[in-house]
Amino acid sequence: MDDTTTPNAEDERLSLRGLLEEPLLASARLLSGTDALSDPVTWCLPWGEVMSRPDSLAEVAVYTRPETLSAHGRELESLVARGAGVLLVDGSAPADTVWPTGLTVVELGFPVGFTALNRLLAERALTQEAHVMRYALTVHQSLAGLLHRGAGLPMLIREVAALTSDVAVALDVRGRLLAHAGLPDAEDAGTVALLEALANALPRLEESPPARMHNVHVLRLEHPDGLFAPTTAVAGAMQLAGRYEGWIVVVVPGANPRRHDIAQHRVVVEQAGTIIGTEMLRQRSVDEAEERARGDFVQALVHGNFANDHDLRTRAALHEIDLDLHYIVFVAPGLVDRASGRPGASMVRLARYAAGVLPRPGVRSHVTVIGDVLVVIRSLSSVDTPGVESEISEYAHAMSLDLETRLGQRIPVAHGRPAAGARDIGESYREARITLGIAQRLGLSGSVAYNDLRGFSVLARATDTDESRRLIRDVLGPLRASSSHADTEELLFAYLEEGGNINAAARRLRIHRNTMIAKLDRTSRLIGMDIREPENQFTLWLALRLDLLSQVQDTVNHEIVTR
C-alpha cells in the first residue's frame, strides 16, 4: 500500500520532535525533558488561559513569555500535575529557574509569538485530518465495492485483513467467532484463548451506553499462562440498522505497536463496522425469510398437518430435517413488547437466540413461534445415550437463563419426553405445552420437565370424565360465583403448596397472617367444607389440579384443531 492512501507516520500526530524540526522553531533549545521527544502535541494555549482554568493539559503546548515566567515561576508544578505536553518559552528563559521533574521545556532563540505557533499546530492538525479522510474514503470504497458485488462476510473480513496487513475477525454480540482472516487455526488452543480473552475484554454491547458503542477500543491482551503472545486489538462495534450486534477486530502482534498502525486500524474498523453490518443485515433478512418458511414446516410438524407421508418427506428434505433422528421439544413464553412494530419478528429472533445456547457438534435446532410461545425442536444423538436427561436439562436451564437475561424476568422452559423420530414430535410438543401451562400457573421457572409433574401426568387421564367435571363444579363452582374468585384461587394454590402452613402462605402472598386466616375462613364457608382439615385439603388440591389440567389441555387442543 503506497503512502498516498495511508496516513504518513510523521503526519499521524505531531510530536515534540516533529515540532522542533519545523523551520519556525529552528533556533529552539530543549532545556528539560529529553525523554519526551516522541510525545504528541496537538494544541497550543497561552499561559494566562491555562492558569485561569483547571482543565487537563495532556498533549497541550503551554506558551509563555520570559517575564511571565519570572513572576509566576512557582506555578510550574501545576503544569506537571495537569499533564502538560511541553512549556514553550518565547525568548531566553530566566537563568535561575528550577524546572520541575517531568516538565518538558523548550526555549525559543528569538521571539516567535503565540499567533504563529498556534497557526502552525492548527495547520498540522488540518493536514492530519485530510490524510485520515482520504484514507477513510479509500477504505470505504474498497469495502463498499465488495459489498455491492455481493461479497459475503468472509470476503469482507479478508479485505479488512488485507487493508491492515494483520489478522481480522468478526465477533457476534456474545463474542463468538463469525468469520476470520489470518488466524492460523481457529481450533488451536492459543487461538481459542485469544478469542476468549478478546470477548471478555470487549464491553458488553447489551450493557454499554451508546457512547461506548461508538468508540473504537484499543485493547492490550496477555495470557497469564502464555497461551498466546502479548497482543494489541483494535475493535469497533458492528452496526445493523441502528442495533449493535458484534465487533470487527484487527489483531496486531505485540503489546506496543506503532501509533501510526493503530491510527490506520482505527479508520478501517470504523468503516468496516457499518459496511459489514449492512452485509449481515442483508444476510439476516435472507435467513429470516428461510426461517419463516422452515417455521411453517415446524408448526406443521408439531401439529401433524401433512396430507400424507410423501408430503411430510418432501417438505422435510426441502428444509434438511432428518425424520429419523431423535428430537426433544422445548417451549417458553415469549413475553415480547406487543406495542413494537414487529412483535412476531422479535419473538422469532428471541427463539433463534435461545436455540443458539449450548451448541453441540452434530446437534441441530429448529425454531418457530406459535401464538405467544417460543418453540425449539432440538435433535438428540440418541435417547439411549448415557446422560441424555442431563443434556436435556442443561439446555433447558441455559435457554431459561438466556431468556431471563433478555426479558428481565424469570422464565420457565418446559419440555416433553424425547420423540423417537420426527413423526412423534407432535406428542412431545403436546406434553411440553401442557407442562408449560402448569409451570406458568404454579409460578415455576428454569427447566420444567413433563416427568417432573408426574402427579399431573397421572391426573391428565382423569380430566375428561364426568366424575372430574362434577368434582370441579361442586368444589370450585361456589368460588367462581364470587367476584374475587381469581384472588381466592391464587390464595388456595399458595396455601396448599405450602402444605397448609398459614404463616408460610401469608409470607408468599405478602399479606398479614390474620388476613390469611380471614380469607381461609371465608373460603371454607363458600365451598361448605373446612379447608384446614387434611382430607378437605386433598379434595380441594385435586379439584384445582384437575381444573388446571382441563384448561391447559383445552388450550392446546384448540390450538391444534384450528391449525
Asker: Determine the minimum heavy-atom distance between L219 and A201, stating which atoms define it.
Answerer: CD1-CB, 4.1 Å
Asker: Check this for me: does any side-chain nitrogen of one of E497 and R508 sit under 4.0 Å from a carboxylate oxygen of the other?
Answerer: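 Looking at E497 and R508, the cut-off is met.
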Asker: For the pair L476 and L540, evaluate side-chain contact (heavy atoms from CB on, under 4.5 Å) and give the outcome as yes or no after the intermediate values.
Answerer: CA-CA 8 Å; L476 301 183; L540 184 60; 4.3 Å; yes
Asker: Hey, what do you get for CD1 (I377) to CD1 (I321), rounding to the nearest 0.5 Å?
Answerer: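 Spacing of CD1 (I377) from CD1 (I321) equals 7.0 Å.
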Asker: Could you pull out the closest heavy-atom pair between L147 and L156, with the gap in Å?
Answerer: N-CD2, 4.2 Å
Asker: Are any non-hydrogen side-chain atoms of I248 and V268 less than 4.5 angstrom apart?
Answerer: no
Asker: Could you check D424 against R417 for salt bridge (charged side-chain N to carboxylate O under 4.0 Å, His left out), going step by step and ending with a plain yes or no?
Answerer: CA-CA 10 Å; D424 293 337; R417 290 171 292 188; over 6 Å; no
Asker: What heavy-atom pair brings A420 and H326 nearest, and what distance separates the two atoms?
Answerer: CA-CD2, 3.5 Å
Asker: Is any side-chain N of the basic residue among R364 and D322 closer than 4.0 Å to the acidic one's carboxylate O?
Answerer: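 No salt bridge links R364 with D322.
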Asker: Heavy-atom distance under 4.5 Å between the side chains of R532 and S524, does that happen here?
Answerer: no
Asker: Tell me, do V331 and V413 make a side-chain contact under 4.5 Å, heavy atoms counted?
Answerer: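 Side-chain contact under 4.5 Å: no.
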Asker: How far apart are the closest heavy atoms of M516 and L509, and which atoms are they?
Answerer: SD-CD1, 4.1 Å
Asker: Apply side-chain contact (heavy atoms from CB on, under 4.5 Å) to E498 and R507, showing your working.
Answerer: CA-CA 10 Å; E498 294 296 341; R507 285 194 298 271; over 6 Å; no
Asker: Work out which heavy atom in A235 is nearest to a heavy atom in V269; give both atom names and the distance.
Answerer: C-CG2, 4.3 Å
Asker: Begin with the C-alpha distance, continue with both residues' side-chain angles, and end with the deciding distance and a verdict on side-chain contact (heavy atoms from CB on, under 4.5 Å) for R423 and L323.
Answerer: CA-CA 7 Å; R423 292 172 181 78; L323 295 176; 4.0 Å; yes
Asker: Would you say V375 and V369 make side-chain contact, with heavy atoms under 4.5 Å?
Answerer: no
Asker: So, N200 side chain and E196 main chain: donor-acceptor pair closer than 3.5 Å or not?
Answerer: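 Yes, N200 side chain to E196 backbone: donor-acceptor pair under 3.5 Å.
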Asker: Using modelled atom types only, decide if a donor and an acceptor are shared between the side chain of Q299 and the backbone of I370 within a distance under 3.5 Å.
Answerer: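 Here the side-chain-to-backbone pair does not exist.
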Asker: Are T231 and L198 close enough, and set up right, to give a side-chain contact (heavy atoms from CB on, under 4.5 Å), and what steps lead you there?
Answerer: CA-CA 10 Å; T231 301; L198 186 59; over 6 Å; no
Asker: Using a 4.5 Å cut-off on heavy atoms from C-beta on, say whether the side chain of P333 contacts that of V373.
Answerer: no
Asker: With the threshold set at 4.0 Å, does a side-chain nitrogen-carboxylate oxygen contact exist between D474 and R470?
Answerer: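 Answer for the salt bridge query: no.
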Asker: Should the pair R525-D530 be classified as a salt bridge under the 4.0 Å nitrogen-to-oxygen rule?
Answerer: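 No, R525 and D530 are not salt-bridged.
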Asker: Are any of the side-chain heavy atoms of L350 and L403 separated by less than 4.5 Å?
Answerer: yes
Asker: Side chains of I425 and V329: closer than 4.5 Å at any heavy-atom pair?
Answerer: yes
Asker: Give, for atom OH of Y353 and atom CG of D172, the distance between the pair rounded to the nearest 0.5 Å.
Answerer: 8.5 Å
Asker: Measuring from atom CD1 of I157 to atom NE2 of H180, what distance do you get when rounded to the nearest 0.5 angstrom?
Answerer: 10.5 Å
Asker: Using modelled atom types only, decide if a donor and an acceptor are shared between the side chain of T515 and the backbone of I511 within a distance under 3.5 Å.
Answerer: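 No.
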Asker: Scan the side chains in residues 220-228 for donor-acceptor partners under 3.5 Å anywhere in the protein, sequence neighbours excluded, and list what turns up.
Answerer:
from	atom 1	to	atom 2	distance (Å)
R220	NE	A255	O	2.8
H223	ND1	D225	N	3.0

Asker: Please determine if R315 forms a cation-pi arrangement with F306, meaning its NZ or CZ atom is less than 6.0 Å from the six-membered ring centre and no more than 45° off the ring axis.
Answerer: no
Asker: Counting distance only, does the side-chain N/O of S428 pair as donor-acceptor with the main-chain N or O of I328 below 3.5 Å?
Answerer: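 Side chain of S428 to backbone of I328, a donor-acceptor pair under 3.5 Å: no, none is there.
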Asker: Can E535 and T539 be counted as having a side-chain donor-acceptor contact under 3.5 angstrom?
Answerer: no
Asker: Check whether any side-chain N or O of S393 sits under 3.5 Å from a backbone N or O of E389 as a donor-acceptor pair, and report yes or no.
Answerer: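 No, S393 side chain to E389 backbone: no donor-acceptor pair under 3.5 Å.
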Asker: Under 6.0 Å between ring centres: does that hold for H303 and Y429?
Answerer: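 So the answer is yes for these two rings.
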Asker: Do P418 and V388 come within less than 4.5 Å of each other through their side chains, counting heavy atoms only?
Answerer: no
Asker: Report the distance from atom CD1 of I531 to atom CG of L492, rounding to the nearest 0.5 Å.
Answerer: 5.0 Å
Asker: If I compare all heavy atoms of E270 with all of V216, which pair ends up nearest, and what's the gap?
Answerer: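 Closest approach of E270 to V216: CG-CG2, 3.3 Å.
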Asker: Could you tell me the separation between the OG1 atom of T523 and the OH atom of Y495, rounded to the nearest 0.5 Å?
Answerer: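 Taking OG1 in T523 and OH in Y495, the distance rounds to 10.5 Å.
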Asker: Please say whether more than 12 non-hydrogen atoms of neighbouring residues, nucleotides or ligands are located less than 6.0 Å from CE in M529.
Answerer: yes
Asker: If I take atom NZ from residue K519 and atom CD from residue E490, how far apart are they, to the nearest 0.5 angstrom?
Answerer: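 If we round to the nearest 0.5 Å, K519:NZ and E490:CD are 10.0 Å apart.
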Asker: Would you call D402 and R406 a salt bridge, taking side-chain N to carboxylate O under 4.0 Å as the test?
Answerer: yes
Asker: Hey, is the main chain of A396 close enough, under 3.5 Å, to the side chain of S400 for a donor-acceptor pair?
Answerer: no
